[in-house]
Amino acid sequence: MTVADAPVAHRPDAESQAWLAKLHAERPIRDAAICELHAILLHEARYEVRRRTAALSHPSGRDLDDLAVQAADDALVALLTKLDEFRGDARFITWAKRFAALEVPGKIRRRLGHTRETPNSDGWPAESAARNDPEQLLEASELARTVGRLIAQQLTAHQREVLLAMAIDEVPANRLAARLDSTPGALYKTLHDARAKLRESTPLA
């Protein structure tokens with residue numbers, strides 16, 4: 001291969017270089033950049049969730065938003081582990097948004113799989129049935145108790161605190177990080193690990 005045939009290295013644009021500099025900086029600059037990046041990924045994930053579920057009737061927008069939040073959390077964790085792979089072929093934000101876009105389909109597939117069938121105009125079958133079927137309602141209640149027990153038994157104390165604060169009480173990552181003397185990036189990783197452990201342990205049959 002001649003010199004002319006060698007691949008040309010792309011130098012990241014100024015905005016992309018600024019993002020990389022902030023994400024490699026010390027606290028609190030890095031913390032602020034991570035929070036800003038998470039907000040961008042969440043916006044992209046919400047767009048993808050809306051786009052991919054537009055044809056579905058769903059009674060709870062909160063459920064769909066939870067999918068987007070989980071996708072953004074997992075996308076951020078994946079992105080932060082692959083910062084060194086960014087080569088500048090596209091703008092950093094364009095590259096980052098791809099992580100969120102790639103996470104959303106899997107989250108939707110798992111959510112649809114949990115219902116055992118595709119939603120129709122009557123809404124999510126399992127949830128619609130649960131409102132009218134005492135047996136379905138009992139199963140849902142038992143599942144909720146099981147998840148609660150797993151949270152108490154399977155997660156570490158730190159994972160429980162982060163999961164309950166961020167996923168249930170919706171405490172902002174930067175505020176919780178200050179309270180726990182941690183960083184937003186570390187908290188998102190903890191949240192990612194806690195959710196993965198619960199997914200592995202929760203019976204969904």
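This chain uses plain numbering: 1 for the first residue, then up along the sequence. Excluded from the calculations below are hydrogen atoms, water molecules and symmetry mates; all remaining heavy atoms, backbone and side chain alike, are included.
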Heavy atoms from other residues, nucleotides or ligands near CD1 of Ile93 exceed 12 (cutoff 6.0 Å): yes

More than 12 heavy atoms from other groups under 6.0 Å of CZ on Arg27: yes

Rounded distance (nearest 0.5 Å) linking atom CZ of Arg195 with atom CE of Met166: 8.0 Å

Leu155 side chain near Leu198 side chain, heavy-atom distance below 4.5 Å: yes

Residue pair Leu67 / Lys107: nearest heavy atoms and the distance that separates them: CD2-O, 3.8 Å

Pair Leu83-Trp19, side chain to side chain contact (heavy atoms under 4.5 Å, CB included): steps then yes or no: CA-CA 10 Å; Leu83 277 180; Trp19 269 107; over 6 Å; no

Pairing residues for Phe99 by the ring-ring contact (aromatic ring centres under 6.0 Å, His included) criterion, not counting sequence neighbours: Trp95

Other residues, nucleotides, ligands: >12 heavy atoms within 6.0 Å of Tyr47 OH: no

Separation of Lys97 NZ from Leu102 CG (nearest 0.5 Å): 14.0 Å

pair Asp73-His192: side-chain heavy atoms closer than 4.5 Å: no

Inter-residue atom distance Leu76.CG - Leu42.CG, 0.5 Å rounding: 11.0 Å

Spacing of Arg50 atom CZ and Glu48 atom CD [to the nearest 0.5 Å]: 10.0 Å

Interatomic distance, Leu79 atom CG to Glu85 atom CD [nearest 0.5 angstrom]: 10.0 Å

Within 6.0 Å of NE2 in His43, more than 12 heavy atoms from elsewhere: no

Euclidean distance, Leu187 CG relative to His38 NE2, rounded to 0.5 Å: 11.0 Å

Gln70 and Asp74 side chains, donor-acceptor separation under 3.5 Å: no

